[in-house]
Amino acid sequence: MSITPRPPIPSFLPENAPFSPEQRAWLNGLFAGLYGLTEGVTPLSAQEVAHLVPGLALTSDTEVDDGAPWHDPAMPLADRMKLAEGKPLPRRMMAAMAQQDCGQCGYNCKDYSAAIFAKKEERLNLCVPGGKETARRLKDLYRELDKPGAAPPAGKTAPAPPAKIGYSRDNPAAATLLQRRRLNKEGSQKETWHIEFDLAGSELAYEVGDSLGIYPVNDSGLVDLVIAALGAPSDFPIGGRTLRETLSDGVSLSPAPDMLFQLISYLTGGDRRQKAKALATGQDPDGDAATLDVLAALQKFGGIRPDPEAFIEALDPLQPRVYSISSSPKVNAGHVSLTVDAVRYEVNERIRLGVASTFLASRVAPGHKVRVYVQKAQHFALPADPNKPIIMIGPGTGIAPFRAFLQERLETNAPGRNWLYFGHQRSDYDFFYEEELKAMRKSGHLSRLTLAWSRDGDEKIYVQHRMRDEGRDLWAWIERGAHIYVCGDALRMAKDVERALIDVVAEHGKRNQEDAARYVAELKKNDRYQVDVY
Ligand SMILES: Cc1cc2nc3c(=O)[nH]c(=O)nc-3n(C[C@H](O)[C@H](O)[C@H](O)COP(=O)(O)OP(=O)(O)OC[C@H]3O[C@@H](n4cnc5c(N)ncnc54)[C@H](O)[C@@H]3O)c2cc1C
Ligand SMILES: NC(=O)c1ccc[n+]([C@@H]2O[C@H](COP(=O)([O-])OP(=O)(O)OC[C@H]3O[C@@H](n4cnc5c(N)ncnc54)[C@H](OP(=O)(O)O)[C@@H]3O)[C@@H](O)[C@H]2O)c1
């Protein structure tokens, strides 16, 4: 009897699909069986592979290269999730994040999702800009990991080496607040501070472009009000600390997390219970959900007396906030400065305080220590060649890293030309670092300074309007190899500035819009267009 050799199973998998030879053989066999095919097949797309075998195409190193079209901080969560529909779980987890790659969680968006998926990271509430929406969505997606075949194969991973002190949110160093001065003049509608720290004793080193992570402390007045609303003694012991200490620097008091509403639902009845339950699942029964910080939640359901320990358990940990560094270590390696806009706004006749910005603006006293860490920049650095011209676009606090860049280029005698776009509300009140910038302009170190004041006249003038006005020169600088940097508001400004740049390239580079957009994309790819937005 002769045995006809079995024809080799054709490959259904794309050549670059990240499987071992055994996995590849097994999968090809499986697909051949599934489709009853043995020849003339087209390899499956990465998406199809992911769909058919969700457990296999899922780890960060086996991730499909789908371009992450949802990776846009200005895109609403619902639209991001729509774009990620049908994608492998880590990609959908990534889409749930705020897409700022801001590093506040200790990762970028892609790596945070990969770590959650691999069950190396259990904290689902680390995305500061994504807030409750992101945490809620991640919780839902996390449940999918319990489905058979969804979780990645358990592998042995060596424990990560302990991070060097001062370079990770999990291992902060202590820096001393030296001084702060207000950058707006009396009469401004903004409150922005130049904050300076002494790094002596911390051994912290940084580079221009890096950010500084800060662990804030809650406002003591707010802590008092929360304790009063709880009706518990402030020295109630919780894990070796008092309730007051824990409320001061251990937990976030804004906004009220779902878990708190869940706890409240156990302690109330009837209609109130239904409302608390609805709030715990992201519904908004009274139309006030967005205004409910922890205190407002306790007041809304007045009369409940949660056990202090259960109450603390229901709150989110207090997260660090990051700030672009606005000084160069070449000027003074032992100092670091920030440019911080104090967030204060009123809701129902109570002033709400941005926890970290107002901590830096008013609660921490000079001479006191603050827990900090250096967040290394990813793709936000001066060109390696000091001869290259740079164009910096930084309205508002977006000026911070550019003050550092200018200092650095001055200290190192970098011959490249420097052009700064700065803008804010009113020229008489909000011209940050006016003396320094004018001195640099006078000396020629700042080759060009373009200003855009949005509230000086009847018409709003923004940096992108100035860019269009000066499009011809801007194009000439770009043609001479300029590197372009944008820093500040991610939601609107950064998008509008990019649009303006595309228009400038189209008009002065004589291209159609599509080619101009491609040109700007190429600048990005070559690290000649870098952004640090929040
Ligand atoms: C890479 C990076 C660099 C940054 N650099 C800087 C910098 O140089 N300077 C700077 O000032 N900031 C910077 N930020 C922003 C900074 O990290 C904080 O997000 C900011 O200071 C607010 O934090 P907070 O703790 O004071 O406020 P939070 O306690 O986090 O409160 C802010 C929240 O309050 C709410 N809120 C704010 N205003 C209003 C309003 N008017 N009405 C209703 N709700 C409102 C919003 O939900 C907002 O998310 C940077 C962020 C990133 C990611
Ligand atoms: N969530 C938001 O909507 C939002 C928006 C901006 C800033 N922020 C946050 O506010 C904090 C501090 O902001 P900041 O002090 O840096 O100042 P800012 O509020 O960003 O304002 C700086 C300047 O930018 C102008 N501006 C507003 N919209 C713009 C746009 N689309 N394009 C270009 N310029 C624009 C402002 O003008 P006018 O104010 O006169 O319009 C102002 O002159 C940051 O934490 C930032 O993330 C939030």
Side-chain angles (χ1 to χ4, degrees), residues 73-74 98 100-105 108 127-133 183-184 188-195 209-219 222 252-255 290-291 293 318-326 337-347 351-361 363 375 377-378 380 393-404 421-427 429-432 451-457 459-467 486-500 531-534:
Q100 290 187 10
D101 281 340
C102 64
Q104 288 182 98
C105 58
N108 59 33
C127 181
V128 172
K132 269 169 78 162
E133 264 196 322
L183 290 168
N184 336 76
S188 170
Q189 288 164 26
K190 294 290 261 190
E191 184 197 326
T192 312
W193 295 86
H194 177 73
I195 312 268
D210 292 345
S211 304
L212 194 72
I214 300 278
Y215 273 92
V217 175
N218 283 315
D219 174 52
L222 180 61
S252 165
L253 297 181
S254 163
T291 69
D293 65 355
L318 186 53
Q319 308 261 19
R321 304 288 193 271
V322 300
Y323 293 90
S324 307
I325 288 174
S326 59
S337 79
L338 310 176
T339 307
V340 177
D341 180 64
V343 174
R344 299 179 207 271
Y345 56 97
E346 197 175 317
V347 180
I351 302 288
R352 304 287 174 94
L353 304 174
V355 60
S357 60
T358 59
F359 169 68
L360 292 169
R363 291 200 295 286
Q375 168 98 38
Q378 296 187 32
F380 198 77
I393 302 155
T397 51
I399 195 174
F402 304 141
R403 178 178 185 261
Y421 278 88
F422 174 69
H424 216 325
Q425 294 185 352
R426 293 182 293 164
S427 54
Y429 303 95
D430 306 304
F431 196 163
F432 301 165
L451 301 166
W453 305 110
S454 57
R455 304 192 192 185
D456 265 2
E459 208 187 325
K460 289 242 178 199
I461 305 288
Y462 289 158
V463 282
Q464 61 270 26
H465 300 130
R466 295 288 191 221
M467 287 169 66
V486 184
C487 181
D489 173 49
L491 292 184
R492 295 168 302 165
M493 183 276 294
K495 251 192 147 50
D496 294 349
V497 162
E498 184 168 339
R499 182 75 259 155
V531 296
D532 179 26
V533 293
Y534 40 91

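Read the numbers this way: they start at 1 and go in the same order the structure lists the ligands and their atoms.
The closest protein non-hydrogen atom to atom 31 (N) of ligand 2 is Asp496 OD2, 2.9 Å. Given atom 25 (C) of ligand 2, the protein heavy atom at minimum distance is Tyr462 CE2, 3.6 Å. With respect to atom 21 (O) of ligand 2, the closest heavy atom belonging to the protein is His424 CE1, 3.9 Å. At the shortest separation from atom 32 (N) of ligand 2 among protein heavy atoms lies Gln464 NE2, 3.0 Å. Counting protein heavy atoms only, atom 3 (O) of ligand 2 is closest to Arg492 NH2, 3.7 Å. Closest to atom 38 (P) of ligand 2, if we only count protein heavy atoms, is Lys460 NZ, 3.3 Å. Looking only at protein heavy atoms, the nearest one to atom 8 (N) of ligand 2 is Asp489 OD1, 4.1 Å. Among protein heavy atoms, the minimum distance from atom 18 (P) of ligand 2 is reached at Lys190 NZ, 4.2 Å.
At a heavy-atom cutoff of 4.0 Å, ligand 2 is contacted by both the backbone and the side chain of Tyr534. Contacts between Val128 and ligand 1 below 4.0 angstrom, taking non-hydrogen atoms only, are absent altogether. The side chain of Val343, and not its backbone, has at least one atom closer than 4.0 Å to an atom of ligand 1 (non-hydrogen atoms only; side chain from C-beta on). Only the side chain of Tyr345 comes within 4.0 Å of ligand 1, judged by heavy-atom distances.
Remark: atom 6 (C) of ligand 2 lies closer than 4.0 Å to at least one protein heavy atom. Atom 34 (O) of ligand 1 lies below 4.0 Å from at least one non-hydrogen atom of the protein.
Near Asp341, meaning under 4.0 Å from any of its heavy atoms, are these atoms of ligand 2: 11 (C), 12 (C), 15 (O). Interface of Thr397 with ligand 2, defined as ligand atoms under 4.0 Å from a residue heavy atom, comprises 14 (P), 15 (O), 16 (O). Distances below 4.0 Å separate heavy atoms of Gly396 from the following atoms of ligand 2: 16 (O), 17 (O), 22 (C). Distances below 4.0 Å separate heavy atoms of Thr339 from the following atoms of ligand 1: 7 (C), 8 (O), 9 (N), 10 (C), 11 (O). For ligand 2, the atoms lying closer than 4.0 Å to a non-hydrogen atom of Leu491 are 1 (N). Within ligand 2, counting atoms from 1 as listed, the ones closer than 4.0 Å to a heavy atom of Arg455 are 38 (P), 39 (O), 40 (O).
Each of Val497, Ile399, Val531 was checked for a side-chain contact (heavy atoms from CB on, under 4.5 Å) with Ile393, and the lone residue meeting it is Val497.
Relative to atom 1 (C) of ligand 1, the option among Leu360, Asp532, Thr358 with the closest non-hydrogen atom is Asp532. Which of Val322, Leu353, Asp210 comes nearest to atom 2 (C) of ligand 1 through a heavy atom is settled by distance: it is Val322. Ranked by closest heavy atom to atom 36 (C) of ligand 2, the top entry among Ala490, Ala452, Ser454, Gly354 is Ser454.
Between Phe422 and His424, the angle of the ring planes goes over 60°, which puts this pair in the perpendicular group of the 30/60° scheme.
Below 3.5 Å of separation, one finds no N or O of Ala400 facing any N or O of ligand 1.
Asp532 and Ser324 share a donor-acceptor pair across their side chains, judged by distance under 3.5 Å alone.
Around CD of Gln189, the count of heavy atoms belonging to other residues, nucleotides or ligands within 6.0 Å exceeds 12.
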